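To start, the structure under review is shown below, and the notes come after it.
Source: prediction; values computed, not measured. So that the names make sense, note that chain A is the first sequence line, chain B the second, and so on, each numbered from 1.
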There are 2 protein chains.
Amino acid sequence: MEKQDHKSALILDAALPVFARYGFQKTTMADIARAAEISRASLYLAFNSKEELFRAGSARAHEQTMSDVEAVLGRTGNVVDRIAAAISAFQEGLIAPFSKSENAKELFDINMQLAADITTTARSRLLDLLAKALSNAQAQGEIDLKPIEASPIDVASLIAAAMDGIKHSFSADGPSVEALRLLMRVLSLALTPGRR
Amino acid sequence: MEKQDHKSALILDAALPVFARYGFQKTTMADIARAAEISRASLYLAFNSKEELFRAGSARAHEQTMSDVEAVLGRTGNVVDRIAAAISAFQEGLIAPFSKSENAKELFDINMQLAADITTTARSRLLDLLAKALSNAQAQGEIDLKPIEASPIDVASLIAAAMDGIKHSFSADGPSVEALRLLMRVLSLALTPGRR
DNA sequence: GAACAAATAGACAAAATACGTCTAATCGTC
DNA sequence: GACGATTAGACGTATTTTGTCTATTTGTTC
């Protein structure tokens, strides 16, 4: 059972770059088998269909990324910086690898079609983690949410929404990083106690 | 007749990047029509088949590149430098654009299958231009071929062969440029008069 | 080296996709 | 309104891909 998972993981690690390169439609099971250096028959032993394989790939990417996000949030340092790093990790893990502009749209569409649950679960998990980090910071007096009259969840939602909006409006051109930095500066000023 | 050519050229300019990105096999006529922002029906008005389109694309790339090569060779300066620049132009025009590593092999294979004549014609044209440049340089005493006991054509052939060999052995990793530079230094030393 | 599980090549029918052709409708220009 | 150019869309055919299956090979364990 554990060997199986390992093999599947190897296949998925080989498959994701192929999807990123050609998109879902143009990627064939033969392409993936070749990339994973196994036969097509073996590939079907591990995954019953291309769609199942894609779902598993999406799941793996999300798991890995969320693990990174969790690790980053667990570090020391001020909350805003850690949250900024967490958002970065989230973007780097799930968006940047597929931002070949052309294929990006198709891949995200297919993902929403085949693995919407995985994505929404990860998203709410991210919200949870951000809210928890904010909550802890507030408990330790590092930040003060009273002036802005919002709960940790509210703030976490705002950050996630901004992340999404920024991603969609700027696509992968570049200003995205800049816009996120600005958001973090705003948050920092708004939440730091000892300010008006 | 002239409008037709212009339209065809626009199509080919849109098609080449698509071929470079996906390779010949994975590129569909629909992909090309989309890239050229015309309908599939119109695409078939300009080209009767995918193979014909590819041939035309290959022809266009070769024409443009050879025109660049000719221009570079026509400049002032010492022969060896001009030849080095010409080789660079040739490589940049016909090899670099398709060196997406994965697709490169398939594209070159398909090219040799569908447009071998175009490639070989361009190649002999290149040889001719190099030989002519060497011949002129010799006539003006800029270089001396006597010590190496070779005709301009011999030297041109050697250069072209070296270019090929370098390309094939190093693929598109990087040392290719270095190797070409070395070849040019060798030539320069061997051909310059006033040396042993 | 026999016994066993895992991986493979290769063939296969069914489904999906691409090709190349055609017609009828739309668009822009004169 | 007439004209040529462009288009959407449907079409049959050919090719490719999918997913399944069997027989064979490979590698491991006893």
Could you state the [atom1]-[atom2] distance from [X] to [N], rounded to the nearest angstrom?
{"X": "L43(A)", "N": "dA6(C)", "atom1": "CG", "atom2": "P", "result": "17 Å"}
{"X": "L10(A)", "N": "dA7(C)", "atom1": "CG", "atom2": "P", "result": "11 Å"}
{"X": "F24(B)", "N": "dT16(D)", "atom1": "CZ", "atom2": "C1'", "result": "14 Å"}
{"X": "E52(A)", "N": "dT18(D)", "atom1": "CD", "atom2": "C1'", "result": "14 Å"}
{"X": "H6(B)", "N": "dA5(D)", "atom1": "NE2", "atom2": "C1'", "result": "15 Å"}
{"X": "L45(A)", "N": "dT20(D)", "atom1": "CG", "atom2": "C1'", "result": "11 Å"}
{"X": "I32(A)", "N": "dT17(D)", "atom1": "CD1", "atom2": "P", "result": "12 Å"}

Assess whether a salt bridge exists between D13(A) and R60(A), defined as any Lys/Arg side-chain N lying under 4.0 Å from an Asp/Glu carboxylate O. yes

Using the test ring-ring contact (aromatic ring centres under 6.0 Å, His included), find all partners of F90(A) that sit at least two apart in sequence or belong to another chain. none

What residues form a ring-ring contact (aromatic ring centres under 6.0 Å, His included) with F47(A), not counting sequence neighbours?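 Once residues adjacent in sequence are excluded, F47(A) has no partner under the ring-ring contact (aromatic ring centres under 6.0 Å, His included) criterion.
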
My understanding is that a hydrophobic cluster links ILVMFWY residues whose side chain heavy atoms are under 4.5 Å apart, including indirect links. Using that, what else belongs to the cluster containing L10(B)?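 Its cluster partners, ordered by chain and number, are none at all.
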
Other than Y22(A), what residues sit in its cluster of Ile, Leu, Val, Met, Phe, Trp and Tyr side chains whose heavy atoms are under 4.5 Å apart, directly or through others? V18(A), V18(B), Y22(B)

So which pairs with a foot in residues 72-88 of chain B pass side-chain hydrogen bond (donor to acceptor under 3.5 Å, both in side chains), sequence neighbours left out? N78(B)-D81(B)

Within a reach of under 6.0 Å around CD1 of I153(B), are more than 12 heavy atoms found that belong to other residues, nucleotides or ligands? no

If an axis is fit to five pairs at each end of the helix from dG1(C)-dC30(D) to dC27(C)-dG4(D), what is the angle between the two, to the nearest 10°?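 Result, rounded to 10 degrees: 40°.
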
Phosphate oxygens OP1/OP2 of dT7(D): is one of them under 4.0 Å from a side-chain N or O of S42(B)?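 For dT7(D), OP1/OP2 do have a side-chain N/O of S42(B) under 4.0 Å.
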
So, does K7(A) get its side chain near the phosphate of dA6(C), meaning an N or O under 4.0 Å from OP1 or OP2? no

In residues 135-150 of chain A, what donor-acceptor pairs under 3.5 Å come from side-chain atoms, sequence neighbours left out?
{"from": "E142(A)", "atom 1": "OE2", "to": "V79(A)", "atom 2": "N", "distance (Å)": "2.7"}
{"from": "D144(A)", "atom 1": "OD1", "to": "K146(A)", "atom 2": "N", "distance (Å)": "3.1"}

For nucleotides 13-30 of chain C, just jot down a letter per nucleotide in 5' to 3' order: B, S or -, based on protein non-hydrogen atoms under 4.0 Å. ----SSBBB---------

Applying side-chain contact (heavy atoms from CB on, under 4.5 Å), name anything that partners T119(B), two or more places apart in sequence or on another chain.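 Checked T119(B) against side-chain contact (heavy atoms from CB on, under 4.5 Å); matches are H62(B), N111(B), M112(B).
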
